[in-house]
Engineer: 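Input: one structure, supplied below.
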Amino acid sequence: DSGSAKTTPEKDDLEYLTPVSIGTPPQVLNLDFDSGSSDLWVFSSELPQSSVSGQSLYDPSKSSTAEEVQGATWNISYGDQSSSNGIVYRDVVNVGGVEFKSQAVEIATTVSSQFTRDTNNDGLLGLAFSSINTVQPQQEKTFFDNILSNLDAPVWTADLKYHAPGTYDFGVIDKSKYTGDITYTDVDQSDGFWMFDVAGYGFGNSTFKAAPFKGIADTGTTLAMIPAEIAGAYYRQVKGAKLDSQQGAYVFPCDSVLPDFIFGVGNARYTIPGKFINYSLLDESDPTTCFGGLQPDMGIGFAILGDILLKSTFVVFDAGTESTPRLGFAKK
Ligand SMILES: N[C@H]1[C@H](O)[C@@H](N2CCC[C@H]2CO)[C@@H]2OC[C@H]1O2
């Protein structure tokens with residue numbers, strides 16, 4: 001098996017939404033594919049109307065193949081303090097033509113206000129390791145883990161783009177989506193994340209510093225949260241940049257020309273264009289102050305390498321059936 005699904009960015013590439021078919025007849029919901037979590041959960045007909053503002057709802061009673069997992073519940077909270085919880089069904093799930101017949105579909109009975117406000121996001125499809133799935137009393141597997149044995153290759157790939165649709169592929173590495181070689185690096189899955197070593201960094205006219213740090217590849221995080229001292233050194237190159245203490249984030253004049261940011265994987269070097277790092281207005285009402293796509297991590301012990309970094313490359317998430325899991329990066 002292999003398949004490919006188009007993923008479309010929200011405004012400012014805040015998140016990328018991908019159509020997923022659930023049930024019989026198929027109910028299509030647009031989900032946020034998240035390599036930083038491991039629950040597939042959806043907005044549902046079981047939610048109070050006050051929690052819904054335009055999202056598509058999965059209604060298990062309208063699917064002839066839906067079966068409730070008796071007694072199962074789930075409860076998740078995310079790095080951005082959003083949260084949701086509910087009960088569990090199994091149903092047919094199809095992503096880009098790859099199908100699994102009894103995928104745990106976690107239906108929300110409660111969602112936090114950030115989700116209610118996020119009107120086009122119908123839920124999440126977790127692609128981190130199944131060890132951090134929140135279903136109790138019996139943990140469930142991610143969609144990727146469930147389809148793995150049927151895939152032509154034990155991989156899924158992310159080709160996210162700047163202000164344009166990209167693709168998530170399953171079971172195939174599409175050579176037309178990258179140039180040059182793929183550089184692979186081992187993954188430490190002990191925290192349930194795709195955690196790897198960034199070999200070092202560079203920016204502007206400074207030479208590359210081989211100062212390794214750990215980070216997770218997180219398609220569900222918008223920005224790139226990197227070690228505070230590196231973020232500080234980067235924004236010292238930007239005239240008028242300052243750390244907005246209220247936001248705990250760097251802002252700068254919107255007409256700034258931002259340096260490219262170089263990051264290393266093994267012996268390879270990749271470039272995040274400065275244009276990507278001039279992320280968005282801080283506030284719609286002030287057209288002169290802009291918000292950086294690189295920000296300091298919150299000192300949690302690892303960097304969170306989100307879409308700002310991932311969209312500058314072609315990324316292979318390789319479950320490595322014989323070997324340990326690994327991540328591959330290529331230019332494109
Ligand atoms: N893995 C991330 C997750 O995808 C993010 N959000 C959780 C719910 C929607 C999604 C996009 O905002 C949140 O920020 C960091 C971490 O948690």
Side-chain angles (χ1 to χ4, degrees), residues 7-20 29-44 47 51-56 58 74-86 95 105-134 142-144 156 158 160 166 168 187 189 191-196 214-226 247-249 279-280 291-311 315 317 327:
T7 189
T8 303
E10 287 287 85
K11 183 176 179 301
D12 296 333
D13 296 352
L14 178 73
E15 58 196 11
Y16 293 78
L17 297 175
T18 311
V20 175
L29 274 64
N30 295 317
L31 304 186
D32 180 359
F33 283 25
D34 182 14
S35 61
S37 66
S38 303
D39 286 49
L40 192 170
W41 73 264
V42 293
F43 271 70
S44 77
L47 276 167
S51 298
V52 180
S53 63
Q55 289 85 357
S56 299
Y58 168 63
W74 59 281
N75 188 330
I76 196 163
S77 56
Y78 295 99
D80 64 359
Q81 309 316 311
S82 59
S83 62
S84 51
N85 62 70
V95 176
V105 179
E106 302 170 31
I107 70 162
T109 52
T110 309
V111 296
S112 63
S113 56
Q114 298 100 310
F115 285 112
T116 301
R117 283 199 301 272
D118 195 356
T119 54
N120 298 319
N121 181 335
D122 304 329
L124 267 71
L125 188 143
L127 290 166
F129 292 87
S130 297
S131 58
I132 56 173
N133 172 270
T134 75
T142 65
F143 176 73
F144 179 52
W156 63 276
L160 302 179
Y168 286 114
V187 160
Q189 69 179 96
D191 285 341
F193 300 123
W194 293 88
M195 186 175 288
F196 68 105
K214 292 202 176 307
I216 66 169
D218 185 354
T219 56
T221 286
T222 311
L223 307 180
M225 326 301 279
I226 61 174
Q247 302 273 344
Y279 172 65
S280 75
F291 192 90
L294 289 179
Q295 293 297 345
D297 65 30
M298 299 71 81
I300 53 178
F302 52 85
I304 302 183
L305 305 167
D307 301 334
I308 284 287
L309 178 141
L310 300 174
K311 74 177 87 166
V315 191
F317 294 76
L327 276 170

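Remember, it's 1-based here, ligands and their atoms both numbered in the order they're listed. Just the heavy atoms: all of them, side chains too, but no hydrogens, waters or symmetry mates, feed the values below.
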Engineer: How close does the nearest protein non-hydrogen atom get to atom 15 (C) of ligand 1, and which residue and atom is it?
Structural biologist: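 Ranked first by proximity to atom 15 (C) of ligand 1 is Thr221 OG1, 3.1 Å.
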
Engineer: Using a strict 4.0 Å cut-off to heavy atoms of Ser82, name the atoms of ligand 1 that fall inside it.
Structural biologist: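 Checking each atom against Ser82, I get 7 (C), 8 (C).
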
Engineer: How many angstroms lie between atom CZ of Phe143 and atom CZ of Phe33, to the nearest 0.5 angstrom?
Structural biologist: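 Result: 7.5 Å between the selected atoms.
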
Engineer: Holding to side-chain contact (heavy atoms from CB on, under 4.5 Å), I want the full list of residues that pass it with Ser131, two or more places apart in sequence or in another chain.
Structural biologist: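 side-chain contact (heavy atoms from CB on, under 4.5 Å) list for Ser131, sorted by chain: Phe129.
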
Engineer: Tell me, which protein residue and heavy-atom name are nearest atom 17 (O) of ligand 1, and how many Å apart are they?
Structural biologist: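 Going atom by atom, the protein heavy atom closest to atom 17 (O) of ligand 1 ends up being Tyr78 CB, 3.1 Å.
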
Engineer: Within the side chain of Ser84, is there an N or O that forms a donor-acceptor pair under 3.5 Å with the backbone of Val111?
Structural biologist: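 No.
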
Engineer: Who's the nearest protein heavy-atom neighbour of atom 5 (C) of ligand 1, and how far?
Structural biologist: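 For atom 5 (C) of ligand 1, the nearest protein heavy atom is Gly220 O, 3.5 Å.
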
Engineer: Would you say the side-chain atoms of Ser112 pair up with the backbone N or O of Ser83, donor to acceptor, closer than 3.5 Å?
Structural biologist: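 Yes; judged by distance alone, with no hydrogens or angles, the pair exists.
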
Engineer: Provide, to 0.1 Å, the distance between atom 6 (N) of ligand 1 and the closest protein heavy atom, together with that atom's residue and name.
Structural biologist: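 Looking only at protein heavy atoms, the one closest to atom 6 (N) of ligand 1 is Asp80 OD2, 3.5 Å.
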
Engineer: Identify which one of Phe115, Tyr58, Tyr78 satisfies the ring-ring contact (aromatic ring centres under 6.0 Å, His included) criterion when paired with Trp41.
Structural biologist: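 Running ring-ring contact (aromatic ring centres under 6.0 Å, His included) over Phe115, Tyr58, Tyr78 with Trp41 returns exactly one hit, Phe115.
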
Engineer: For Ala158 and Tyr168, which heavy atoms make the closest approach, and how far apart are they?
Structural biologist: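 Residues Ala158 and Tyr168, closest heavy atoms: CB-CE2, 3.7 Å.
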
Engineer: Geometry only, no angles: is Phe115 polar-contacting ligand 1 at N/O separations under 3.5 Å?
Structural biologist: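 Among all N and O atoms of Phe115, none is under 3.5 Å from an N or O of ligand 1.
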
Engineer: If you count the atoms of ligand 1 from 1 in the order shown, which ones are under 4.0 Å from a heavy atom of Gly79?
Structural biologist: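 Reading through ligand 1 atom by atom, the close ones are 16 (C), 17 (O).
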
Engineer: Nearest heavy atom to atom 11 (C) of ligand 1: which of Val111, Asp32, Leu223, Asp34 does it belong to?
Structural biologist: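 The option holding the nearest heavy atom is Asp32.
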
